[in-house]
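First up is the structure itself, then whatever we jot down about it.
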Amino acid sequence: MNKTFVVARWEYLEKVKSKAFLIGLFLTPMIMIGMGVLPGLLAEKEDEETRVIGVIDVRGEIAPLLAKRMERYKLSNGQPNYLLLPVRAPAADIAASVREADERVERGEFDGYFVLNAPEAPDTVIRYFSKGAGDLRLIGRLEENIQAIYWERTLIARGIDPGIVSAMKPRVEVKSVKIGPTGEREETNFLKTFFSAYVFIMAMFFVIFTSGQLLVRSVLEEKSNRIIEVLVSSCTPSELMAGKVLGLSAMGLTQVGFWAIAALAIFARVGADVLPPVEQLLLMVVYFVLGYLFYSAIFIAFGSPVTTEQEAQQLNGYLVLFVILPVALVLPVMQHPDAGWVKVLTFIPLLTPTFMALRIPVQMPSAVEIVGSVVLLAVFTYVMMIVAGRIFRVAILATGKRPSLAELARWVKEG
């Protein structure tokens with residue numbers, strides 16, 4: 001154990017003192033925050049100048065009403081956000097109006113134009129034409145206001161005052177209350193639930209990706225420099241493997257711990273409540289530790305025989321996919337945490353930690369599922385560590401071509 005800790009201490013200090021570690025300590029959270037916050041801020045950024053929109057209103061009934069309603073959108077300087085200009089008189093040929101509108105869009109006079117009451121489409125279908133198709137804010141505002149105009153016209157045609165109907169509309173707010181196993185009530189919201197699961201998955205992703213990648217590259221570098229032969233003459237392969245896992249794990253946890261403390265300090269200052277209950281947090285920690293050890297064993301088993309940097313990168317990419325896969329299934333899992341397919345995927349060891357992290361904040365799984373998944377993951381982790389140790393013992397001294405799966409199986413069997 002003394003030699004194991006010596007290796008762990010050396011691996012930890014070498015990585016922690018590097019410039020890459022210190023840069024990543026601050027740069028990584030900035031990138032993650034930028035990826036999560038910056039797109040939303042840019043999407044919500046208001047226009048800086050008035051946008052000119054062409055209108056082809058075949059019957060001339062909606063355009064004046066719409067232009068008046070769109071006046072409520074203002075720029076920061078008080079100028080109107082949108083200026084709606086008719087392309088031609090309502091009685092003009094529609095094809096000629098469309099050609100003129102296309103030309104004005106091409107010349108930059110119009111940001112785009114839309115056609116109302118086109119004969120080939122229902123009245124409720126509005127086509128907006130522009131050089132780009134990503135202006136969701138403008139399209140949403142057009143839909144909202146045109147729909148309101150049609151609604152008001154329908155009410156008036158039936159002799160109903162739209163103002164009275166609007167005043168009678170109640171404002172309803174639905175709050176989600178979670179019923180616990182013992183009957184306790186807890187008001188929840190999607191953002192808090194999603195945040196706790198998202199942080200867990202991203203933390204596991206980062207620790208596994210970073211330490212696993214460094215572990216494979218460390219072994220690869222030591223094999224290519226023949227340093228590995230000196231190391232195994234001073235300690236056993238098992239001590240070397242355990243030391244590397246402990247050292248690199250401590251490095252990854254140092255980064256995650258630093259970010260967690262910084263995040264908690266920020267949340268405490270702004271008064272945000274984002275932490276799950278203690279029992280949920282402890283369960284997620286158990287799955288985090290077991291999941292990390294399981295993936296570490298996989299990295300060792302399949303990473304120690306690699307002979308080139310390209311093989312190491314491919315291996316890292318394949319394994320990380322299993323960690324990040326549940327992110328694509330966040331909404332279905334949170335909406336149906338007790339679905340059969342969710343329970344099946346939960347008992348696949350590669351997916352157990354992340355799927356349980358998604359299910360626990362939404363609806364606590366049964367005690368049978370929790371105990372069964374923890375025992376299953378622990379058993380697979382133990383077996384995988386034994387397999388990894390046997391492969392590592394042979395692979396660190398093997399040179400030349402990469403061993404086949406049959407050779408790896410033989411190493412495990414003979415170990």
Side-chain angles (χ1 to χ4, degrees), residues 34 36-174:
V37 176
L38 190 58
L41 294 178
L42 292 177
E44 295 176 359
K45 187 176 181 295
E46 296 294 336
D47 297 322
E48 297 179 356
E49 58 184 25
T50 301
R51 302 185 60 182
V52 182
I53 309 297
V55 183
I56 301 175
D57 189 352
V58 177
R59 293 199 290 265
E61 300 172 348
I62 305 300
L65 300 174
L66 179 61
K68 187 174 181 179
R69 294 183 67 93
M70 297 293 284
E71 290 176 357
R72 61 193 175 105
Y73 302 110
K74 302 290 185 180
L75 300 176
S76 57
N77 58 8
Q79 295 297 315
N81 197 158
Y82 306 104
L83 178 60
L84 273 59
L85 296 179
V87 178
R88 276 179 179 258
D93 180 44
I94 299 177
S97 299
V98 169
R99 286 195 298 271
E100 180 181 338
D102 287 339
E103 292 172 0
R104 297 183 72 172
V105 169
E106 189 64 31
R107 293 195 300 265
E109 298 177 14
F110 286 166
D111 288 281
Y113 70 93
F114 58 94
V115 182
L116 295 167
N117 303 319
E120 72 277 5
D123 289 349
T124 54
V125 176
I126 313 300
R127 287 188 172 90
Y128 176 71
F129 301 87
S130 66
K131 288 186 176 181
D135 196 345
L136 300 181
R137 182 194 293 124
L138 172 60
I139 294 174
R141 288 174 175 177
L142 290 174
E143 287 181 348
E144 176 187 354
N145 287 281
I146 294 174
Q147 184 175 1
I149 291 172
Y150 279 125
W151 178 70
E152 290 179 359
R153 286 165 59 88
T154 302
L155 292 177
I156 292 173
R158 297 187 179 185
I160 303 173
D161 186 351
I164 297 177
V165 175
S166 297
M168 294 175 61
K169 282 185 177 180
R171 296 182 62 84
V172 178
E173 181 183 3
V174 178

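The figures that follow rest on heavy atoms only: side chains count, while hydrogens, waters and symmetry mates do not.
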What's the spacing between [X] [atom1] and [Y] [atom2] if we round to 0.5 Å?
X      : Y      : atom1 : atom2 : answer
Glu49  : Gln79  : CD    : CD    : 11.5 Å
Leu65  : Arg153 : CG    : CZ    : 7.0 Å
Leu155 : Glu152 : CG    : CD    : 7.5 Å
Glu144 : Ile139 : CD    : CD1   : 14.0 Å
Glu71  : Leu83  : CD    : CG    : 9.5 Å

Heavy-atom side-chain proximity of [X] to [Y] below 4.5 angstrom:
X      : Y      : answer
Met70  : Leu142 : yes
Leu66  : Asp57  : no
Phe110 : Val87  : yes
Tyr128 : Leu138 : yes

Can you check whether Arg51's main-chain N or O pairs, donor with acceptor, with Asp111's side chain at less than 3.5 Å?
no
With no hydrogens and no angle check, just 3.5 Å: does a side-chain donor-acceptor pair link Arg137 and Asn81?
no
Could you verify whether a donor N or O on one side chain and an acceptor N or O on the other, from Arg104 and Tyr113, lie under 3.5 Å apart?
no
For residues [X] and [Y], report the shortest heavy-atom separation together with the two atoms involved.
X      : Y      : answer
Arg69  : Arg72  : O-CG, 3.1 Å
Gly112 : Ser130 : CA-CB, 4.0 Å
Lys74  : Pro80  : CD-CA, 4.2 Å
Thr50  : Leu75  : N-CD1, 3.4 Å

Within a reach of under 6.0 Å around CD of Gln147, are more than 12 heavy atoms found that belong to other residues, nucleotides or ligands?
no
Considering residues, nucleotides and ligands other than Arg107, do more than 12 of their heavy atoms fall under 6.0 Å from its CZ?
yes
Cation-pi, Tyr73 ring and Arg141 (6.0 angstrom, 45 degrees):
yes
For a side-chain contact (heavy atoms from CB on, under 4.5 Å) check, start with the C-alpha distance between Val105 and Lys131, then their side-chain angles and the critical distance, and finish with the verdict.
CA-CA 8 Å; Val105 169; Lys131 288 186 176 181; 4.0 Å; yes
Going through the checks in order, is the side-chain contact (heavy atoms from CB on, under 4.5 Å) test met by Ile56 and Phe129?
CA-CA 11 Å; Ile56 301 175; Phe129 301 87; over 6 Å; no
Only one of Val115, Leu116, Ile62 clears side chain to side chain contact (heavy atoms under 4.5 Å, CB included) with Val55; which?
Leu116
